[in-house]
Protein chains: 2
Amino acid sequence: MRDSSEGGRLDSFDLAILDILQKDNGTPQRVIGEKVNLSSAAVHRRIRRMQEEGVIVGNYAVVDPLRVGLPFTVVVEVHVESERLDLLDAAKRSFAGDPQVQQCYYVTGEADFVLIVTVPSMSAYEALTRRLFFGNNNVKKFRTLVVMDRIKTGLAVTLDDA
Amino acid sequence: MRDSSEGGRLDSFDLAILDILQKDNGTPQRVIGEKVNLSSAAVHRRIRRMQEEGVIVGNYAVVDPLRVGLPFTVVVEVHVESERLDLLDAAKRSFAGDPQVQQCYYVTGEADFVLIVTVPSMSAYEALTRRLFFGNNNVKKFRTLVVMDRIKTGLAVTLDDA
DNA sequence: GTTGAAAATAAACATGG
DNA sequence: CCATGTTTATTTTCAAC
């Protein structure tokens, strides 16, 4: 196994293709080819290579939480008691394994974890706090920030040339 | 224009389809049909309807930030001076408009905004703080939480039946 | 839900840098 | 030799019934 940045570097074609796919991965390869001045076959090969190399992590449809009965988004800061590795790992698994936890970050600074949570109701959030926080001895405290406006929500990333 | 929850309610077929598309929107409609016991045409019509109705917000490829030269993710809590609507709006626009700001939430509680930021270096983050925070009189203070581990990062949502 | 046409993807091949 | 473009085959999408 090679190092973690396996695979060759990305050229400007790759970046241009990624730029398009990040906005709409349903864009036909033919259209992408026209925009970046490449044949559709070349586009196809590059996309496949980037998938294999892990540059492209996945291809997802994004659903509006409001339309599927999940009107509440909550940001939670979690503080732990001990930073023992096994306890941190247990917490990570517990947070990541919960289907209502959309995102989970382990952070330095004034908190230890930041979670983005999507729930159908505030009582469901309360249940989640019991499940994940009160049910975990290693959680010292947590701060709840209720989202009033989801101003920007993508996972897209800026792609300037290196 | 109808109310914001325009469109009929989603049945369990829709939810099953969304479940699959949230994991991989490249899944052929034929395969989806096999999994949910529907003809591929029915699947096709349902997907199109959900796109038109806004249940499906978009279809995106997700890129690994590490592989495109953005190794640092930062969570920022922003506190504002005044909650005047025009000032809040200006802040929202400024945050959302910045390409390095991946996500931006307006929240209640001990902070006013939570940002998820992706940057090539910590000095780029410093530049961002100058741009967005020090350059904005209405930003009272901000807390920086540097992400050490991105444990879970999707936008996928749990789809239990209502 | 089934069928068939149009379109897209994916493989095979040949070529220039 | 690697990456491209062209051609061909396969698969998928999408509209008509």
Side-chain angles (χ1 to χ4, degrees), chain A residues 1-64 67-68 155-157 159-162, chain B residues 6-64 66-69 155-156 159 161:
Chain A
M1 177 141 180
R2 294 245 288 287
D3 86 4
S4 85
S5 58
E6 172 183 356
R9 201 174 244 74
L10 305 173
D11 63 20
S12 63
F13 284 117
D14 292 321
L15 295 179
I17 292 168
L18 289 176
D19 227 15
I20 294 170
L21 293 179
Q22 284 196 125
K23 293 195 188 77
D24 179 7
N25 73 353
T27 312
Q29 296 164 356
R30 175 183 52 81
V31 174
I32 298 174
E34 287 162 11
K35 296 203 192 195
V36 305
N37 280 342
L38 231 51
S39 74
S40 72
V43 171
H44 178 245
R45 279 188 293 257
R46 282 165 180 270
I47 292 174
R48 226 163 63 107
R49 179 175 51 73
M50 291 192 283
Q51 310 243 41
E52 286 164 358
E53 288 178 357
V55 175
I56 294 173
V57 172
N59 294 91
Y60 309 117
V62 172
V63 170
D64 182 350
R67 307 300 277 280
V68 292
L155 296 180
V157 120
L159 296 173
D160 304 320
D161 286 73
Chain B
E6 172 183 357
R9 200 174 244 74
L10 305 173
D11 63 20
S12 64
F13 285 118
D14 292 322
L15 295 179
I17 292 168
L18 289 177
D19 228 16
I20 295 169
L21 293 179
Q22 284 195 125
K23 293 197 187 75
D24 179 6
N25 73 353
T27 313
Q29 296 163 358
R30 176 183 52 80
V31 174
I32 298 175
E34 287 161 12
K35 297 203 191 194
V36 304
N37 279 343
L38 232 48
S39 74
S40 72
V43 172
H44 178 247
R45 280 188 290 258
R46 283 166 182 272
I47 292 175
R48 227 162 67 102
R49 179 175 51 72
M50 291 193 283
Q51 309 245 40
E52 286 165 358
E53 288 177 357
V55 175
I56 295 173
V57 171
N59 294 90
Y60 311 112
V62 173
V63 170
D64 183 349
L66 273 64
R67 306 301 278 278
V68 292
L155 295 179
L159 297 173
D161 286 73

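Protein chains get the first letters and strands the later ones, always in sequence-line order, with residue 1 at the start of each.
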Which protein N or O atoms sit under 3.5 Å from an N or O of nucleotides 12-17 of chain C?
none

Go through DNA chain D in 5' to 3' direction and return only the first and the last nucleotide with some atom under 4.0 Å of chain A's heavy atoms.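 The footprint of chain A covers dT4(D) to dT6(D).
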Starting at the 5' end of DNA chain C and moving along, which residue's nearest nucleotide shows up first, Pro28(A) or Ala42(B)?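 Looking at DNA chain C, the more 5' nearest nucleotide goes with Ala42(B).
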Spacing of Ile32(A) atom CD1 and Asp19(A) atom CG [to the nearest 0.5 Å]: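 Rounded to the nearest 0.5 Å, the CD1-CG separation comes out at 11.0 Å.
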Matching residue for Ile47(A) among Val55(A), Asn25(A), Ile17(A) - test: side chain to side chain contact (heavy atoms under 4.5 Å, CB included):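 Answer after filtering Val55(A), Asn25(A), Ile17(A): Ile17(A).
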Taking atom [atom2] of [N] as reference, at what distance in whole Å does atom [atom1] of [X] sit?
| X | N | atom1 | atom2 | answer |
| --- | --- | --- | --- | --- |
| Glu34(B) | dG1(C) | CD | C1' | 15 Å |
| Arg30(A) | dA6(C) | CZ | P | 15 Å |
| Ile47(A) | dA10(C) | CD1 | C1' | 12 Å |
| Gln51(A) | dT9(C) | CD | P | 12 Å |
| Arg46(A) | dA11(C) | CZ | C1' | 18 Å |
| Arg49(A) | dA10(C) | CZ | P | 16 Å |

Hey, does [Y] have a side-chain heavy atom less than 4.5 Å from the side chain of [X]?
| X | Y | value |
| --- | --- | --- |
| Leu155(A) | Tyr60(B) | no |
| Met50(B) | Val63(A) | no |
| Val57(B) | Arg67(A) | no |
| Ile56(A) | Leu18(A) | yes |

Apply side-chain contact (heavy atoms from CB on, under 4.5 Å) to residues Ile20(B) and Val36(B) and explain how you reach the verdict. CA-CA 10 Å; Ile20(B) 295 169; Val36(B) 304; 4.1 Å; yes
For a side-chain contact (heavy atoms from CB on, under 4.5 Å) check, start with the C-alpha distance between Arg45(A) and Arg49(A), then their side-chain angles and the critical distance, and finish with the verdict. CA-CA 6 Å; Arg45(A) 279 188 293 257; Arg49(A) 179 175 51 73; over 6 Å; no
